[in-house]
Amino acid sequence: MPKFRCVVAIPTKELYSGEVDYAGIPGVDGDYGVLSGHESFVGLNRTGVLTLWFDPEGKEKAQFLIMGGATQVLNSHLSVLPRFGCSVDEIDADQVKGEMEALKAQIAEIEREGGDAGGSVSRTLVSESLAWCEAQLKAVGQ
């Protein structure tokens with residue numbers, strides 16, 4: 001199976017750039033796979049684990065947790081551009097749990113101050129951060 005070029009990048013940095021045999025992508029309409037020669041398309045990502053396989057047997061792979069954004073396949077080149085993302089191997093569950101407790105405290109404070117009326121921007125941002133933490137724990141099986 002021929003390899004194809006793949007780039008995974010969040011707004012602040014590139015997570016991966018190189019050749020892959022296969023990519024499994026969490027799309028808003030369901031998971032899908034990309035091989036070399038795949039038809040060109042643009043799709044939206046959902047929060048989930050993106051898996052890149054580097055060998056035809058599927059033994060060598062890398063996994064990235066991604067949230068939102070888009071994916072494009074064009075001329076056997078795959079670009080995955082999520083809003084947030086990280087390598088699953090880099091997730092520290094204990095650290096994420098600590099962040100979750102701090103975020104929950106922030107939400108409680110916002111609610112005490114009445115900042116939730118009308119869906120405040122700060123509540124929305126904190127809630128999105130909390131959802132990202134929950135996704136990280138799910139990605140590492142916790």
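- When atom types are taken as modelled, the side chain of N45 and the backbone of G27 share no donor-acceptor pair closer than 3.5 angstrom.
- Put simply, CD1 on I107 and CG on L130 are 5.0 Å apart, with the number rounded to the nearest 0.5 Å.
- A distance of 6.0 Å or more separates the ring centres of Y22 and F4.
- Here the two rings, on Y32 and F41, have centers that are under 6.0 Å apart.
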- Criterion salt bridge (Lys or Arg N to Asp or Glu O under 4.0 Å) on R46 and D31, from CA distance to verdict: CA-CA 9 Å; R46 67 171 168 71; D31 294 349; 2.3 Å; yes

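- A side-chain donor-acceptor contact under 3.5 Å links Q63 and T51.
- Hydrophobic clustering places V34 together with Y16 (ILVMFWY residues linked when any side-chain heavy atoms are closer than 4.5 Å, directly or through intermediates).
- Minimum interatomic distance between G48 and P26 (heavy atoms only, all atoms of both residues): C-CG, 3.7 Å.
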- Query: Does the ring-ring contact (aromatic ring centres under 6.0 Å, His included) test come out yes or no for F84 and F64, once each step is laid out?
  - Reply: CA-CA 10 Å; F84 302 110; F64 300 91; over 10 Å; no

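- By the 4.0 Å N-to-carboxylate-O rule, R83 lies close enough to E128 to be salt-bridged with it.
- When all heavy atoms of Q136 and C86 are compared, the pair lying nearest together is OE1-SG, 4.4 Å.
- In this structure, NZ in K3 is found 13.5 Å from OG in S76, a value given to the nearest 0.5 Å.
- One hydrophobic cluster holds both V96 and V126 under the rule that ILVMFWY side chains link at heavy-atom gaps under 4.5 Å.
- Put simply, CD on E99 and SG on C133 are 5.0 Å apart, with the number rounded to the nearest 0.5 Å.
- At a threshold of 4.5 Å between side-chain heavy atoms, the hydrophobic network of Ile, Leu, Val, Met, Phe, Trp and Tyr places L15 and L78 in one connected group.
- Nearest approach of T47 to A135, heavy atoms of both residues: CG2-CB, 3.5 Å.
- Shortest non-hydrogen contact noted between Q72 and V42 is CG-CG2, 4.0 Å.
- One hydrophobic cluster, built from ILVMFWY side chains closer than 4.5 Å, cannot hold both V8 and L65; they sit in different ones.
- Taking CD1 of I25 as the reference point, atom CD1 of I66 lies at 7.5 Å (rounded to 0.5 Å).
- Separation of atoms CD (E19) and SG (C6) is listed at 10.0 Å; rounding is to 0.5 Å.
- Not a single salt bridge (Lys or Arg N to Asp or Glu O under 4.0 Å) links R5 to another residue, sequence neighbours left out.
- When all heavy atoms are compared, the tightest approach of M100 to L137 is SD-CD1, 3.3 Å.
- Transitive grouping of hydrophobic side chains (ILVMFWY, heavy atoms separated by less than 4.5 Å) keeps L44 and W132 in distinct clusters.
- Ion pairing between a basic and an acidic side chain is recognised when a charged N comes within 4.0 Å of a carboxylate O; D92 and K97 show no such pairing.
- Taking CG of L50 as the start and NZ of K61 as the end, the distance is 12.0 Å to the nearest 0.5 Å.
- For the pair V88 and A139, the tightest heavy-atom approach, listed with the atom from each and the gap, is CG1-O, 3.9 Å.
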